[in-house]
Amino acid sequence: MSKTSIYGLTYDELKIWLMEHGEKRFRADQVWDWLYKKRISNFDDMKNVNKDTRDLLSENFVLHTLDEEIRQESKDGTIKFLFKLADGNLIETVLMRFHYGLSVCVTTQVGCNIGCSFCASGLLRKSRDLTSGEIVEQIMNVQKHLDSVGKDERVSHIVVMGIGEPLDNFDNLMNFLYVMNDDRGLNIGARHITVSTSGLAHKIYDFADTDLQVNLAISLHAPNNELRTSIMKINKAFPIEKLMKAVDYYLEKKNRRITYEYIMLRDVNDHKEEAIQLSKLLHNHRHLAYVNLIPYNTVDEHIDYQRSESSSIQEFFETLKGQGINCGVRWENGADIDAACGQLRSKQIKKSKAV
Ligand code: SAH
Ligand code: SF4
């Protein structure tokens, strides 16, 4: 059996594992500190951990399962990483710079089964879920890259918006979130972490029942079922009414603002009429709602879709505002590199098939 990544364990799991293997309680604190504060790359670098324990760890776990295949750096400081997993699959991770800090976008699955008609990730069906270790390692690799540059920069925010549907990989997602949030390690505040879902309503209930105060974003993209089903086939299984019921439950449990993502697709969902419908849909939730208008990044394979005109985006924005809905427009980072989610990966896969 191949060894698993040590980054897949939460602090409690690590502590239990070590104690079951005859180690003292404090050992977990030491190991955790080496992993997440000192960020070593080799078990033998754990200086205050005795040799027997280091051997025990290296016999059972690995510290590296991801290899950096490509690193593209944009003029605005965005860095896109393409990682190769142990089984040869490729995934993407993106570091973005904002005035409030450094945010990393992580991938949760190899491909995606939701199959939204505009998305590059959905072109390649899911071949498997990522393990929690593989999700944590994405952040660790980015942080280690920053450490190596030596400017004392820290990943301060996380968006779970890379390839895949995070709520379809729920347990591994949760382990990842607990590891990131742990104040003995990276200590990334739950309020600095956002999980984006295409709207798996039944999983939104489970997410609401967790004890983490992580932000939730829902990819809505259309204000009525007909339009939403035409661009997101998941809407057949979880139509807007079902989704909004799950939203009610989430709001009742968490009382936290939800972000609704809305891709601006030219002449598809960007008319004033849809803006009015959207504000009606969110009217009762408007105190805990924020609409993020996302200018569409064109994807070579989806020639049917174009980015909305700036004037349509502006009008949509103003209509929502005028109806009392909080909203903003998210302009992209890394425009000069393969910006759209899943693009670098799909390009690389196409290239390797061509040779
Ligand atoms: N599967 C989850 C999270 C990953 S996608 C979800 O769908 O929410 C993250 C966000 O990027 C989603 O809102 C998705 O709709 C959006 N997205 C996908 N392709 C895009 C593109 N080409 N341009 C702009 N946004 C895109
Ligand atoms: Fe999957 Fe999200 Fe892309 Fe839809 S938008 S195909 S859910 S990654």
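Numbering of ligands and ligand atoms starts at 1, following listing order.
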Visitor: Kindly work out whether a path of hydrophobic side-chain contacts (I/L/V/M/F/W/Y, heavy atoms less than 4.5 Å apart) joins Val329 to Leu278.
Guide: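 Linked within one cluster.
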Visitor: Is it the side chain, the backbone, both or neither of Ile263 that has a heavy atom closer than 4.0 Å to ligand 1?
Guide: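 Side chain only.
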Visitor: Go through ligand 2 atom by atom and flag the ones less than 4.0 Å from a non-hydrogen atom of Cys116.
Guide: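 Those atoms are 4 (Fe), 5 (S), 6 (S), 7 (S).
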Visitor: Do you see an N/O/S atom of Cys119, backbone or side chain, under 2.8 Å from atom 1 (Fe) of ligand 2?
Guide: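 Given the 2.8 Å cut-off, Cys119 does not count as a ligand of atom 1 (Fe) of ligand 2.
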Visitor: Short list, please: which atoms of ligand 2 are under 4.0 Å from a heavy atom of Gly115?
Guide: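 Result: 6 (S).
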Visitor: Would you say His221 has any N or O atom under 3.5 Å from an N or O of ligand 1, going by distance alone?
Guide: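 Indeed, backbone or side chain, His221 has an N or O that close.
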Visitor: Would you please name every residue forming a side chain to side chain donor-acceptor pair (under 3.5 Å) with Arg286, sequence neighbours left out?
Guide: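 Expected list: His283.
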Visitor: Heavy-atom contacts with Phe118 under 4.0 Å: which atoms of ligand 1 show up? List them by number with element.
Guide: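 Those qualifying, in numeric order: 15 (O), 18 (C), 19 (N), 22 (N).
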Visitor: Starting at CZ of Phe61, measure out to OG1 of Thr65 and round the result to the nearest 0.5 Å.
Guide: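 So the CZ of Phe61 and the OG1 of Thr65 are separated by 13.0 Å.
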Visitor: So does Arg54 pair up with Asp44, basic N to acidic O under 4.0 Å?
Guide: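 Judged by the 4.0 Å cut-off on N to carboxylate O distance, Arg54 and Asp44 do form a salt bridge.
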Visitor: Within a distance under 4.0 Å of any heavy atom of Gly164, pick out the atoms of ligand 2 and give their elements.
Guide: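 Those of ligand 2 that fall under 4.0 Å from Gly164 are 8 (S).
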Visitor: Report yes if the distance between the aromatic ring centroids of Phe118 and His221 is under 6.0 Å, otherwise no.
Guide: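 Under 6.0 Å, so yes.
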Visitor: Mark up the atoms of ligand 1 that fall under 4.0 Å of a heavy atom belonging to Val299, in ascending order.
Guide: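 Answer, ordered by atom number: 22 (N).
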Visitor: Heavy atom to atom 7 (S) of ligand 2, shortest distance: which of Thr108, Ile231, Ile114, Thr107 holds it?
Guide: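 When every heavy atom of Thr108, Ile231, Ile114, Thr107 is considered, Ile114 comes closest to atom 7 (S) of ligand 2.
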Visitor: Please check this pair: side chain of His192 against backbone of Ile158, looking for a donor-acceptor N/O pair closer than 3.5 Å.
Guide: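 No.
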Visitor: So, using side-chain contact (heavy atoms from CB on, under 4.5 Å) as the criterion, who are the partners of Glu252 when residues are at least two apart?
Guide: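 For Glu252, no residue satisfies side-chain contact (heavy atoms from CB on, under 4.5 Å) once neighbours in sequence are set aside.
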Visitor: Which atoms of ligand 1 sit under 4.0 Å from any heavy atom of Thr197?
Guide: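 Heavy-atom distances to Thr197 below 4.0 Å select 6 (C), 8 (O).
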Visitor: For atom 22 (N) of ligand 1, state which one of Thr298, Asn297, Asp168 supplies the nearest heavy atom.
Guide: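 Considering heavy atoms of Thr298, Asn297, Asp168, the nearest to atom 22 (N) of ligand 1 sits in Asn297.
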Visitor: Below 4.0 Å, non-hydrogen atoms only: which portion of Ser198 touches ligand 2? Side chain, backbone, both or neither.
Guide: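 For Ser198, only side-chain atoms sit under 4.0 Å from ligand 2.
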Visitor: Quick one: does Gly162 get within less than 4.0 Å of ligand 1, heavy atoms only?
Guide: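 In this structure, Gly162 qualifies as a contact of ligand 1 - some heavy atom is under 4.0 Å.
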Visitor: Taking the ring of Phe238 and the ring of His202, is the distance between their centroids below 6.0 Å?
Guide: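 Judged by ring-centre distance (under 6.0 Å), His202 and Phe238 do meet the cut-off.
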Visitor: Is Gly164 close enough to touch ligand 1? Criterion: a residue heavy atom under 4.0 Å from a ligand atom.
Guide: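 Yes, Gly164 has a heavy atom closer than 4.0 Å to ligand 1.
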Visitor: Is it true that Glu20 and Lys15 make a salt bridge, defined as a side-chain N closer than 4.0 Å to a carboxylate O?
Guide: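 Salt bridge: no.
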Visitor: Using a 4.0 Å heavy-atom cut-off, which part of Glu165 comes near ligand 1: side chain, backbone, both, or neither?
Guide: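 Looking at Glu165 and ligand 1, atoms from backbone and side chain both fall under 4.0 Å.
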Visitor: Run the numbers for me: atoms of ligand 2, each under 4.0 Å from some heavy atom of Cys112, listed by number.
Guide: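 Per the distance check, 1 (Fe), 6 (S), 7 (S), 8 (S).
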Visitor: Specify the closest pair of heavy atoms between Ser117 and Ser230, including all atoms of both residues, with the distance to one decimal.
Guide: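 Ser117 and Ser230 have their closest heavy atoms at OG-O, 4.0 Å.
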